[in-house]
Amino acid sequence: MANDASTVFDLVILGGGSGGYAAALRGAQLGLEVALIEKDKLGGTCLHRGCIPTKALLHAGEIADQAREAEQFGVKASLEGIDIAGVHKYKDDVISGLYKGLQGLVASRKVTYITGEGRLSSPTSVDVDGQRINGRHVLLATGSTPKSLPGLAIDGDRVISSDHALVLDRVPKSAIVLGGGVIGVEFASAWKSFGAEVTIVEALPHLVPVEDENSSKLLERAFRKRGINFSLGSRFSGVEYTADGVKVSLENGKTFEAELLLVAVGRGPVSQGLGYEEAGVAMDRGYVLVDEYMQTNVPTISAVGDLVPTLQLAHVGFAEGILVAERLAGLKPVPVDYDGVPRVTYCHPEVASVGITEAKAKELYGADKVVTLKYNLAGNGKSKILKTAGEIKLVQVRDGAVVGVHMVGDRMGEQVGEAQLIYNWEALPAEVAQLIHAHPTQNEAMGEAHLALAGKPLHSHD
């Protein structure tokens, strides 16, 4: 370690995931002396057990689906099966390349990287394996871990978490997915593509329940067409082992049997036993409480990422980490507008959104002040070529800006960048309508939707 007990860093970061390493890179770039402490691998959940590996599995599933469906494009192909070892090699090679690149980045910025399990020992220090690391400011970025429900034990065999699912040495013949949020529908989608029979159990009335209800309904329709089963609106009551799998019971009396149960009910903060309370940090249900500048009630301590009760997205962690580094370096960063953060669920079809839902807009502005428009991808040439179905839905304050963009369809995650600009720059439909979108692209659907909302539809019915 490149320091001794007398060294005082400008910033000591506990946790090397998305929020932590972003703060380290930006802080070092701004001239701060930074120490970054990580007990596992640099990159955290996103790189090793979250965003990257799940999207690799989903892409492998997409390739399998394309092989099955090749004939409808005039291509003769057949799917011999899924080589799960080969899938894992592909996934791990992607992770490995990004991991090496990130290690090189941290080294090039001259961040002092410390491997070990850290614990907050005071408002200005972290203890790591018996050594005290002192800093003028401490950033807590210890992330999250898969949650379960009371009384539901995850055994890593028949009852598994997303961590186990990412290294499963086989494609299950059948699976029950408990939770219809992002994690649940992504695994359900990938496993279905690999040939498994999948049933999703969600206690709320819709899949991806935080999305606009129209998006949820479109996804449910697409999943029905794909043969992905789901049970909505009833809570889990118990699980028991059977001769060759599990039997899941719901409070409404329904039961489902499968080879395994994936518990995908969300992620909880990693904060227990790390000295946060002892240092006087305000907490709520394990989350560290912060203000809009990510500062805790202790002036020398900030917190970011899944550890705080904001959106659990890697890019949110990046933004929060950068914000803290810039604030400490004396800049005047703008707080994160969480409504303005793009959100993508990478199942097939994809669900993407930015801004607020129709229901939220009506709550904020009044039902009579909210205008919506749906543009069906059936009118988009490139989507026809790809044989994808879905919609772009716009939510507008009457005579004002577009406050929500909600999309369902293959590759819609790639369209969310323009949607983010539209929301964050408070664009009027007429202003977007005058922009020229390339033809034929799926991006053109964004322009067509705004043309229609501006009252001059081209390839859509008014």
Side-chain angles (χ1 to χ4, degrees), residues 54-80 82 90 185-186 188-190 192-195 208 211-212 214-228 342-354 373-394 405-422 429 432-454 456-462:
T54 53
K55 279 46 173 185
L57 290 185
L58 284 157
H59 184 60
E62 182 184 5
I63 300 298
D65 286 333
Q66 288 175 343
R68 285 189 194 94
E69 298 161 6
E71 195 168 337
Q72 64 179 307
F73 300 97
V75 177
K76 293 186 181 296
S78 60
L79 179 66
E80 293 184 17
I82 304 297
Y90 151 66
V185 300
E186 287 189 349
S189 185
K192 182 63 180 179
S193 296
F194 289 156
V208 287
E211 294 291 343
D212 189 271
N214 186 66
S215 294
S216 296
K217 289 178 177 178
L218 288 169
L219 181 64
E220 288 159 15
R221 185 188 307 166
F223 271 20
R224 282 190 200 98
K225 193 172 179 182
R226 290 186 63 195
I228 296 175
R343 306 169 293 272
V344 186
T345 304
Y346 294 88
C347 50
H348 168 48
E350 291 182 353
V351 180
S353 63
V354 68
L373 180 131
K374 298 176 186 176
Y375 178 79
N376 196 306
L377 293 182
N380 176 253
K382 187 59 181 287
S383 295
K384 277 283 200 189
I385 291 166
L386 295 172
K387 289 187 176 288
T388 187
E391 285 179 357
I392 293 179
K393 175 179 174 179
L394 305 179
V405 182
H406 306 277
M407 303 176 283
V408 177
D410 289 345
R411 305 186 185 180
M412 285 298 104
E414 302 303 324
Q415 309 311 317
V416 83
E418 184 180 7
Q420 180 184 23
L421 297 180
I422 290 166
V432 182
Q434 72 187 19
L435 301 174
I436 299 169
H437 292 75
H439 175 77
T441 62
Q442 285 187 291
N443 181 237
E444 192 177 11
M446 186 72 72
E448 292 278 2
H450 284 82
L451 277 165
L453 191 55
K456 47 181 186 179
L458 189 61
H459 294 101
S460 62
H461 297 286
D462 55 5

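One distance of note links CD of Glu186 with CG of Leu57; it measures 10.0 Å at 0.5 Å rounding. Atoms CG and OH, on Asn380 and Tyr375 in that order, are 5.5 Å from each other to the nearest 0.5 Å. Here the straight-line distance linking atom CG of Asn376 with atom NE2 of His459 works out to 14.5 Å at 0.5 Å rounding. With values rounded to the nearest 0.5 angstrom, Arg224 atom CZ is found 10.0 Å from Leu219 atom CG. Separating the OG atom in Ser189 from the CZ atom in Phe223 is a distance of 5.0 Å, to the nearest 0.5 Å. Here the CG-NE2 distance, from Leu435 to His450, works out to 9.5 Å after rounding to the nearest 0.5 Å.
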Stepwise side chain to side chain contact (heavy atoms under 4.5 Å, CB included) test for Lys387 and Phe73: CA-CA 9 Å; Lys387 289 187 176 288; Phe73 300 97; 3.8 Å; yes
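The two residues Lys456 and Ala433 come nearest to each other via the heavy atoms CE-CB, 3.9 Å. For the residue pair Met412 and Ala352, the shortest heavy atom distance occurs at O-CB, 3.7 Å. Nearest heavy atoms, Ala449 versus Leu373: O-CD2, 3.4 Å. In terms of heavy atoms, Ala419 sits closest to Met446 at CB-CE, 3.9 Å. Summarising the geometry of Leu58 relative to Cys347, their closest heavy-atom pair is CD2-CA, 4.3 Å, with the distance given to 0.1 Å. A pairwise comparison of heavy atoms in Glu448 and Leu458 identifies OE1-CB, 3.6 Å as the closest pair.
Around atom CD of Glu71, no more than 12 heavy atoms belonging to other residues, nucleotides or ligands sit under 6.0 Å away. Residue Arg221 places its CZ atom among 12 or fewer non-hydrogen atoms of other residues, nucleotides or ligands, all under 6.0 Å distant.
Using cut-offs of 30° and 60° on the angle between ring planes, the pair His59 and Tyr90 is tilted.
For the residue pair Ser193 / Arg226, a side-chain donor-acceptor distance below 3.5 Å is found, with atom types taken as modelled. Defined by atom type and a distance below 3.5 Å, a donor-acceptor pair is present between the side-chain atoms of Glu418 and His437. For the residue pair Gln442 / Ser383, a side-chain donor-acceptor distance below 3.5 Å is found, with atom types taken as modelled.
For the pair His406/Asn214, no side-chain contact is recorded, criterion being any heavy-atom separation below 4.5 Å from C-beta on. In this structure, Gln66 and Glu62 have side chains that are in contact, with non-hydrogen atoms separated by less than 4.5 Å. When side chains are defined from C-beta on, Glu211 counts as touching Arg343, because their heavy atoms get closer than 4.5 Å.
The side chain to side chain contact (heavy atoms under 4.5 Å, CB included) test with Val408 singles out one residue from Thr345, Asp212, Val208, Leu218, and that residue is Leu218. For the side chain to side chain contact (heavy atoms under 4.5 Å, CB included) test with Val432, the passing option among Leu451, Leu394, Ile422 is Ile422; the others fail.
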